Q: 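Have a look at this one.
Since the structure is predicted, the reported quantities are computational estimates derived from the model, not experimental observations.
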Amino acid sequence: TSLFLAIISIALLIPRAISTYQLPELSKTINNATTLKLHSKSMQRVISLSNLATTAFNLICAAFISSQNSLATSNYLLFFTLLLITLQNTIATQGLVYSNILMACEETKQTIRINTLSLALFVISCLATLSMENRHSFLTICTAVSLIYILRLTQTRKIAIKKYDDYSAV
């Protein structure tokens, strides 16, 4: 599993590099709503393609690692856990464009609020999982993190799209 996590960590660098590379250009377009939308959609497309490629690669790796599993755990359980980890990372990187829009609009307070809420939900889910007798606590936490990332993505997206509309009205 540690090999898989190392592979995913490397795969995560690709969309993050794309996002970081394009942030200055996005910042230049912030005063033009049409250009901002076009540039952010272009960035989202490139990150989505990157995510598609890295997710496919990660799933192949997950299937291989699961098939080679010689531990007492179920191969299906291991694959499902690795699938959830892949899903978390894909969802997290899909939100990079929206986070960049908020940074470019100087709305980091919104990002901090969303990240603080995500952290609080993560801590609560960890404490709840630890308080229960659960043979699959890691899987439970992975499921909770996936749901938290979905919430984080939808909140960041909603606020960034509202920023589009605010700039369109000007």
Q: Any side-chain donor paired with an acceptor under 3.5 Å for Asn51 and Thr90?
A: no
Q: Please examine the side chains of Ser99 and Arg152, heavy atoms only from C-beta on, and report whether any two atoms are closer than 4.5 Å.
A: yes
Q: Hey, could you give me the OH/CD1 distance between Tyr98 and Ile159, rounded to the nearest 0.5 Å?
A: 13.0 Å
Q: What pair of heavy atoms forms the shortest contact from Gln22 to His39, and how long is it?
A: O-NE2, 3.6 Å
Q: If the test is side-chain contact (heavy atoms from CB on, under 4.5 Å), which one of Leu13, Val46, Leu49 qualifies with Ile18?
A: Val46
Q: Enter the distance from Leu36:CG to Lys28:NZ here, rounded to the nearest 0.5 Å.
A: 14.5 Å
Q: Does the side chain of Leu87 reach to within under 4.5 Å of the side chain of Tyr149, using non-hydrogen atoms?
A: no
Q: Side chains of Phe138 and Leu77: closer than 4.5 Å at any heavy-atom pair?
A: no
Q: Using only heavy-atom distances, determine whether the side chains of Gln110 and Arg113 contain a donor-acceptor pair under 3.5 Å.
A: yes
Q: Mind checking the OG1-CG spacing from Thr55 to Leu52? Nearest 0.5 Å is all I need.
A: 7.0 Å
Q: Going from CD on Gln94 to OG on Ser50, what distance comes out if it is rounded to the nearest 0.5 angstrom?
A: 9.0 Å
Q: Check residues 119-126 and write down every donor-acceptor pair under 3.5 Å in which the side-chain atom is one partner and the other belongs to a residue at least two apart or another chain.
A:
| residue | atom | partner | partner atom | Å |
| --- | --- | --- | --- | --- |
| Ser125 | OG | Leu121 | O | 3.2 |
| Ser125 | OG | Phe122 | O | 2.8 |

Q: Between Thr156 (side chain only) and Leu153 (backbone N and O only), is there a donor and an acceptor less than 3.5 Å apart?
A: no
Q: Report the C-alpha distance between Leu102 and Thr108 in whole Å, list the side-chain angles of each, state the deciding distance to 0.1 Å, and finish with yes or no for side chain to side chain contact (heavy atoms under 4.5 Å, CB included).
A: CA-CA 6 Å; Leu102 294 176; Thr108 53; over 6 Å; no
Q: Do Val97 and Lys41 have side-chain heavy atoms sitting under 4.5 Å apart?
A: no
Q: Nearest 0.5 Å please: distance from the OG1 atom of Thr86 over to the CZ atom of Phe57.
A: 11.0 Å
Q: How many angstroms lie between atom CG of Asn100 and atom OG1 of Thr111, to the nearest 0.5 angstrom?
A: 9.5 Å
Q: Do the side chain of Ser48 and the main chain of Gln44 share a donor and acceptor less than 3.5 angstrom apart?
A: yes
Q: What's the shortest heavy-atom distance between Ala128 and Ser131, and which atoms?
A: O-OG, 2.8 Å
Q: Restricting to non-hydrogen atoms, name the atom on Cys142 and the atom on Gln88 that form the minimum distance, rounded to 0.1 Å.
A: O-NE2, 2.8 Å
Q: Quick one: list whatever passes side-chain contact (heavy atoms from CB on, under 4.5 Å) with Leu12, sequence neighbours left out.
A: Ile8, Asn89, Thr93
Q: Can you confirm whether Arg16 sits close enough to Leu96 that some side-chain heavy atom of one is under 4.5 Å from a side-chain heavy atom of the other?
A: yes
Q: Scan Leu23, Ile101, Leu26 and name whichever one has a side-chain contact (heavy atoms from CB on, under 4.5 Å) with Met43.
A: Leu26
